[in-house]
*Asks:* 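I have a structure here, written as structure tokens, and I will follow up with some questions on it.
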Amino acid sequence: MENFSTNLINKLKNANSVTVLTGAGVSAESGVPTFRDKDGLWNKFSPQDLANMNSFLKNTELVWEWYKWRKNLISNVSPNAGHYALSEMEEYYTNKGKKFTLITQNVDDLHKKSGSKNILELHGNIMRSRCIKCNYSTENMDNEKTIPTCIQCGNYLRPDVVWFGESLSEEILDKAFEEAENCDVFFSIGTSSLVYPAAMLPVHARDEDAYIVEINPERSALAYLFDEEINKKSGEILPEIMQELKK
Ligand code: OAD
């Protein structure tokens, strides 16, 4: 147990509510590239060209090509030990009649694939598409079409993810803040803490006296805030934490 404190395990054993925020780092060990690391997507591609509505309208084919490439990559990878430990953690608390909420910035569906249930997807889900006109939402778009279209109204479908300049779902965001403010232990895992409003969640948790913990091999932009920093990979540490918790 040299990687984290006994205090953390005691807090987790006594917690009535645990909230976890994840970012791209939890999926790194599954082979999904993060955004801002050395090999991250934003070091190879420009968000201005790919992740906003203007570019989509101007370069629809290019944007879809990029998203189809990412969807394909994600469809071919599996959840890692970190994802599974988080779904086990949910089961641990719900079996005791306690609360566990997973808030994710990831659009990759790997938390769901690993069995997590109570998930708040802040930035949408890349496996879902929606119509730019009538908002029809589907997980079954026609992959053969260069630009997939809506079966209801014929307009373009777009990936159902939050792009730069767009707002997050108010309902999901309100729930995320509520769960951050009402938990006893809050984890921030695998995120650079550079993208807002997600990066405000640990601040709110701390302001309401939660014990806040960061898991990240690198120190994030908000590392100084945390009660405990675990500078290791989530796929290594989360199973260790679960093992101690179950003892
Ligand atoms: P980033 O790419 O900004 O940060 C990934 C973080 O994961 C970094 O701090 C890494 O050090 C850390 N990391 C890498 N490997 C890890 C591992 N094995 N275990 C734990 N941590 C690891 O990704 P996010 O913070 O998720 O938005 O980025 C936030 C948002 O920016 C994304 O949701 C995306 C992007 O633009 C949208 O698509 C709307």
Side-chain angles (χ1 to χ4, degrees), residues 3-4 20-53 55-56 63 66-67 69-71 73-74 77-86 102-111 114 119-130 158-169 172-173 176 187-203 213-226 228-242:
N3 292 316
F4 44 86
V20 175
L21 169 68
T22 63
V26 286
S27 298
E29 288 156 88
S30 292
V32 182
T34 62
F35 292 94
R36 295 175 185 80
D37 288 311
K38 188 165 50 62
D39 298 321
L41 292 174
W42 294 157
N43 281 327
K44 294 189 183 141
F45 304 98
S46 147
Q48 286 75 28
D49 294 340
L50 297 161
N52 68 69
M53 193 59 179
S55 322
F56 179 76
V63 172
W66 191 66
Y67 275 95
W69 169 76
R70 283 180 63 200
K71 274 177 81 163
L73 188 152
I74 287 163
V77 301
S78 305
N80 64 57
H83 295 108
Y84 285 113
L86 287 173
L102 180 55
I103 306 167
T104 189
Q105 297 168 85
N106 298 346
V107 297
D108 63 21
D109 232 15
L110 291 178
H111 284 305
S114 66
I119 311 173
L120 297 172
E121 291 177 323
L122 289 179
H123 294 163
N125 188 311
I126 201 170
M127 294 303 165
R128 215 170 42 225
S129 311
R130 71 180 152 86
R158 58 163 282 178
D160 197 357
V161 298
V162 177
W163 280 335
F164 288 96
E166 294 180 334
S167 307
L168 281 64
S169 147
I172 294 176
L173 195 59
F187 283 100
S188 177
I189 310 174
T191 175
S192 56
S193 302
L194 286 168
V195 173
Y196 287 82
M200 276 311 285
L201 291 164
V203 181
V213 184
E214 171 163 281
I215 301 179
N216 195 320
E218 311 284 334
R219 303 191 74 220
S220 81
L222 294 178
Y224 64 92
L225 271 184
F226 289 87
E228 184 156 345
E229 276 182 63
I230 307 174
N231 295 123
K232 298 273 176 189
K233 293 181 175 178
S234 49
E236 291 169 10
I237 283 302
L238 287 166
E240 277 184 34
I241 291 177
M242 266 325 290

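Both ligands and their constituent atoms are indexed starting at 1 by order of listing. The residues of the chain are indexed from 1 along the displayed sequence. All heavy atoms count here, side chains included; hydrogens, waters and symmetry mates do not.
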*Asks:* For the residue pair His83 / Ser27, report whether a side-chain donor-acceptor contact shorter than 3.5 Å exists.
*Replies:*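 Their side chains do contain a donor-acceptor pair, which is all the 3.5 Å distance test asks for.
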
*Asks:* Check ring pair (Phe, Tyr, Trp, His ring centres under 6.0 Å) between Phe4 and all other residues, then give those that pass, not counting sequence neighbours.
*Replies:*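 Phe4: no ring pair (Phe, Tyr, Trp, His ring centres under 6.0 Å) contacts found.
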
*Asks:* Quick one: list whatever passes side-chain contact (heavy atoms from CB on, under 4.5 Å) with Asp37, sequence neighbours left out.
*Replies:*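 Partners of Asp37 under the side-chain contact (heavy atoms from CB on, under 4.5 Å) test: Thr34.
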
*Asks:* Quick check: do Ile241 and Ile230 have side-chain heavy atoms less than 4.5 Å from each other?
*Replies:*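 A side-chain contact exists here, since the closest heavy-atom pair is under 4.5 Å.
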
*Asks:* What does the 4.0 Å heavy-atom contact list look like for ligand 1?
*Replies:*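 Residues Gly23, Ala24, Gly25, Ala28, Glu29, Thr34, Phe35, Arg36, Asp37, Trp42, Gln105, His123, Val162, Phe164, Gly190, Thr191, Ser192, Val195, Asn216, Pro217, Glu218, Lys233, Ser234 each place a heavy atom under 4.0 Å from ligand 1, listed by chain and number.
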
*Asks:* List the residues meeting salt bridge (Lys or Arg N to Asp or Glu O under 4.0 Å) with Arg36, not counting sequence neighbours, and say none if there are none.
*Replies:*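 So Arg36 forms no salt bridge (Lys or Arg N to Asp or Glu O under 4.0 Å) with any residue.
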
*Asks:* With side chains defined as the heavy atoms from C-beta onward, is the minimum distance between Trp66 and Leu41 less than 4.5 Å?
*Replies:*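 Trp66 reaches Leu41 side chain to side chain.
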
